[in-house]
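Throughout, numbering of the chain's residues begins at 1 and tracks the sequence. Just so you know, ligand 1 is whichever comes first in the structure, and atom 1 is the first atom listed for that ligand.
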Amino acid sequence: MNRDKDNALRARALQVIPNGMYGHESVRLLPECFPQFFSKAQGAYIWDADGNRYLDFMCAYGPSLLGYRDERVDAAAQAQALLGDTLTGPSPLMVELAETLVEMVDHADWAMFCKNGTDATTMAMSSARAQTGKRVVLVAMGAYHGAAPWCTPIPAGTLAEDRAHIRTYAYNDVASLEAAVTEAGDDLAAIFASPFRHDAFIDQELPQPAYARAARELCDRSGAMLIIDEVRAGFRLARGSSWTALGVQPDLSAWGKCFANGHPISVLLGSDSCREGAGSIYATGSFWLSAVPMAAALETLRIIRESDYLEHSVRLGERLRAGLDAVAGQHGFTLRQSGPVQMPQIMFADDPDFRIGYGWAEEMLSRGIYMHPWHNMFLCAAMTEADIDMTIAAADEAFAALAARRAALEPHPVLVALASAMAH
Ligand SMILES: *Cc1c(COP(=O)(O)O)cnc(C)c1O
C-alpha cells in the first residue's frame, strides 16, 4: 500500500506538532505500516491520506455508532448549522436534549452538557465532592477516565498532589473495594466504575453482579456517590444505563463519544441525590452549549430508541467472533477474544510481548481491515454481514501469512521500551 502522502504529512507534522502527534490517535504504539492521517470516511469505511480504504473496527475509538456520515444525523446537524451553532446562549435544543436523556437513562434526573468525556468525568468527580463535602475518590486500577491531571495514565507534567485523594481498587474484586472504602474512612466522596472492564492490553471483563451491588451498597452506607463512566460503553450495551441490567443505579454517569454519532458533545447525567453538588460547581466551556452537536445527538438518540442498531451490532459481533476463532484454529493460532461481541478485544494466547498480535494487525491492515492489537474495538451499525464475511476471509489469509513468518516476528520496539519504563 502506498504511504507517500502519509509519510510526507508525518515529516511536516514533526516540525509543527510535538512528536508529530499526541494522545490516543497517535500510531506510535501501532505497527509501522499503520497510517496516521485519514482523508475521508463513509459508513463503516475510512480512507487514509493516500486513498487506501479500510473497514474500520476502531470507529474513531468509539464515536461512530451508526457509521460515519450517517445521513439522518448529518441532515439534522446541517439543518441546525443553517440556524446557528455556538451562540451567546444555548439553543432550545439543550432543554429537549436534557429531557430526552433523563427519559432514556433510568437514574438520571438532570443533565449537564460538555464537550469531551474527560469534561464529564471531571465534573462528576467535582460534583460528588461538592455534594458530600468529602475528598477521596476510588477508581479501578488501570481504568481510563480521561486525560486530566487527576486521571491521565501518563503522569508527565502532573503532580502527585493532583491525585492526592485518588485511590485504587481492583475491578470486580469486592474485598479490594471494601478495603479501599474502609481505608477512606469518613472521607469517601465517590466510587468510579466502568460498565465493564475495558482496559487496554488485557482481556476485557464483564462486571460481576456482586461487585456492582457492593459498589452501590458501600456508597449508600458511607453517603458517597456511585459514578459510572459510560463514555466508552454507553449505548453500546443498552439503550440506557449499562448497569440497569444488573439492577444497580449510579448517582452520576458520564457519557461521550457516540451519542451524537461523532459530533462533539458529552454529558454528565445525575440523580437528585447529587443535584445540589452539581449545581454548586462552576462548570463551563466556550463550545459546550453548541447547538449543532445537540441536534445530532437528538437524532442519534431517536435512532437508538427506534432502530435495531444494537441487536444488529451484536449479531455481527457474534458472527465475527465465531468466524475468527474458526479460521485462527485452522492455522494453529488461539485467539483470546473478550468483552461484549460488539466491543471486541482480540489478542493471542502465548503472546506476552504482542508480537503475534502486531503481526496479525499488519496482515489485516494490508488486506484493508483496520484492527487494533491491544485496544478494544467497536462494531458500528453500518457494518453488514458481507463486511464481516470479508473480514473473516481476510483473516484466513492473514493467519496463513502470519504462520509463514511466525518465527521471524519481533516485538514492537516502542512497546517494549514503554513496558520496561512502566516496570521501573
Ligand atoms: C475516551 C474515554 C474517556 C475520555 O473521553 P474524551 O472524550 O477522550 O475526553 C473517559 N472515559 C472512558 C471510559 C473513555 O473511554
Side-chain angles (χ1 to χ4, degrees), residues 21-26 29 57-65 105 112-128 137-155 158 163 166 168-169 171-172 190-202 204-207 212 215 226-238 241-243 250 252-269 283-288 290 293 296-297 300 338-340 342-345 372 374-380:
M21 183 54 190
Y22 47 90
H24 70 293
E25 291 188 346
S26 164
L29 286 180
F57 281 96
M58 287 315 289
C59 294
Y61 284 79
S64 175
L65 177 72
V105 175
M112 288 172 79
F113 298 101
C114 37
K115 207 79 295 186
N116 275 282
T118 306
D119 301 331
T121 56
T122 302
M123 254 200 301
M125 180 182 70
S126 303
S127 299
V137 172
L138 302 182
V139 299
M141 230 175 294
Y144 186 70
H145 296 300
W150 70 271
C151 57
T152 174
I154 300 191
T158 70
R163 51 185 93 202
I166 307 290
T168 58
Y169 67 91
Y171 195 90
N172 263 342
I191 298 174
F192 265 90
S194 312
F196 68 98
R197 190 175 185 200
H198 47 46
D199 306 352
F201 298 109
I202 60 163
Q204 315 292 279
E205 269 179 55
L206 298 182
L226 178 60
I227 303 169
I228 302 190
D229 181 351
E230 297 267 16
V231 175
R232 192 178 312 179
F235 296 124
R236 288 189 180 271
L237 306 182
S241 195
S242 294
W243 278 10
L252 295 162
S253 55
W255 305 69
K257 297 209 162 103
C258 79
F259 76 88
N261 201 48
H263 291 265
I265 185 168
S266 62
V267 66
L268 174 64
L269 300 178
T284 189
S286 298
F287 302 104
W288 282 16
S290 302
T300 305
S338 61
Q342 66 275 33
M343 292 179 66
Q345 173 88 308
H372 203 292
W374 50 260
H375 191 287
N376 81 269
M377 294 178 268
F378 303 86
L379 274 66
C380 73

Proximal atoms of ligand 1 relative to Gly146 (non-hydrogen, under 4.0 Å): 4 (C), 10 (C)
Numbered atoms of ligand 1 (with element) below 4.0 Å of Thr118, judged on heavy atoms: 4 (C), 5 (O), 6 (P), 9 (O)
Separation between CD of Glu230 and OG1 of Thr121, rounded to the nearest 0.5 Å: 13.0 Å
Between the main-chain N or O of [Y] and the side-chain N or O of [X], is there a donor-acceptor pair closer than 3.5 Å?
| X | Y | result |
| --- | --- | --- |
| Lys115 | Phe287 | yes |
| Ser266 | Asn116 | yes |
| Arg232 | Ser194 | no |
| Asp199 | Tyr144 | no |
| Gln345 | Met343 | no |

His145, His375, Lys257: member with heavy atom nearest to atom 2 (C) of ligand 1: Lys257
Residue and atom name of the nearest protein heavy atom (relative to atom 7 (O) of ligand 1), distance in Å to one decimal: Gly117 N, 2.7 Å
No-hydrogen, no-angle side-chain donor-acceptor test under 3.5 Å, Tyr61 and His372: yes
Heavy atom of His24, distance to ligand 1 below 4.0 Å: no
contact_flag His198 ligand 1 heavy-atom lt 4.0 Å: yes
Structural part of Asn116 in contact with ligand 1, heavy atom criterion under 4.0 angstrom: both
Residue portion contacting ligand 1 (non-hydrogen atoms closer than 4.0 Å) for Tyr144: both
Any N or O of Asp229 closer than 3.5 Å to N or O of ligand 1: yes
